[in-house]
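What follows is one structure encoded as structure tokens, with my remarks underneath.
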Amino acid sequence: MHTYEYDSNVFFRKITITAVFCVLIFAYSIYHLITGDSPVLWIGAAIVSGYFVWETFISIANPSKVEIDDKGITFSAYKKNHHYEWSEIRKFKCKPLASGTKMFIRINEAGIFRGRYWVNCYYYSEGEELFKFLFHKEIEVDPNGLKAKAVQGSKEAQKIKKQKYDRRQQEKARKQLAKQIRKNAVKKR
């Protein structure tokens, strides 16, 4: 089993404190909705803050630990675990973001209770290894998917590029050999 853990100080600052702040905003929004103050504003605030609280504490979309072994993968946070056996995973989609270190993972039929995870590999122990594993796991689970075809196409493009380079090198070597043969022939006359 290999365990990747989010830096605990960063997790507390970025995820836990933000979620607690959202709990306060949610409670304050509900209070204002009950008292009838500017309902449109408070409905929006309640929805946004409630969504973040749900994602953090209920569906653990921001896991503090990812455990991987031969049997499956487990996402954990706040003493809750979501475990998936490799044999039961039919869909495994990883969407890397522009930063190159954070990815959005969807497993099987992801819903509001489980199956959607934000994994910011930059803050995990051995995060680069985790990023590569998750990226390649999608290709392994769905070898006919778009990402697998893109990676395969990239490998094919590299082969073609190498073949063109090898042909150029061979042509260059052939010309140099022909030039050397002509030079030697002129010297012999």
Review point. Is any side-chain heavy atom of Y4 closer than 4.5 Å to a side-chain heavy atom of I68?
Key: yes
**Study point:** Closest non-hydrogen atom pair, D70 against W86
**Key:** O-CD1, 3.1 Å
**Study point:** Same apolar cluster (I L V M F W Y, side chains within < 4.5 Å links), V23/Y31
**Key:** no
**Study point:** Within 6.0 angstrom of Y122 OH, more than 12 heavy atoms from elsewhere
**Key:** no
Point to revise | Close side-chain approach of I89 and I73, heavy atoms under 4.5 Å | key: yes
Check your understanding: How far does CG of N62 sit from CZ of F57, to the nearest 0.5 angstrom?
Key -> 10.5 Å
Review point. Between F131 and P96, is any pair of side-chain heavy atoms under 4.5 Å apart?
Key: yes
Practice item. Quick one: which residue pairs count as a side-chain hydrogen bond (donor to acceptor under 3.5 Å, both in side chains) with a foot in residues 103-118, not counting sequence neighbours? Key: E55-R116, H82-Y117, Y84-R114, Y84-Y117, K91-E109
Revision key, fill the gap. Correct closest heavy-atom pair for P63 and V119 would be CG-CG2, 4.4 Å
Exercise for review: Determine the minimum heavy-atom distance between S76 and E67, stating which atoms define it.
Suggested key: OG-OE1, 4.4 Å
Study note, to complete from the structure: Nearest heavy-atom approach of T18 to F52 is CG2-CE2, 3.6 Å
Point to revise | Qualifying residues under side chain to side chain donor-acceptor pair (under 3.5 Å), relative to Y78, sequence neighbours excluded | key: T16
Check your understanding: Does a donor on one side chain and an acceptor on the other come within less than 3.5 Å for E85 and H83?
Key -> yes
**Study point:** Ion pair check, K137 and E140, cut-off under 4.0 Å
**Key:** yes
**Study point:** Minimal non-hydrogen separation, S49 against C22, with atom names
**Key:** CB-O, 3.4 Å
Point to revise | Any Y124 side-chain heavy atom under 4.5 Å of K65 side chain | key: no
Practice item. Report yes if some heavy atom in the side chain of N81 is under 4.5 Å from a heavy atom in the side chain of F75; otherwise report no. Key: no
Review point. Should we count CD of E129 as having more than 12 external heavy atoms under 6.0 Å?
Key: yes
Exercise for review: Please check if any side-chain donor atom of E126 sits under 3.5 Å from a side-chain acceptor atom of H2, or the reverse.
Suggested key: yes
Review point. Between CG of L41 and CG of L33, what distance do you get to the nearest 0.5 Å?
Key: 9.0 Å
Review point. If Ile, Leu, Val, Met, Phe, Trp and Tyr residues are connected whenever their side-chain heavy atoms lie under 4.5 Å apart, and connections chain through other members, are F26 and I47 in the same group?
Key: yes
Check your understanding: Does F135 belong to the same Ile/Leu/Val/Met/Phe/Trp/Tyr cluster as F104, with side-chain heavy atoms less than 4.5 Å apart forming each link?
Key -> no
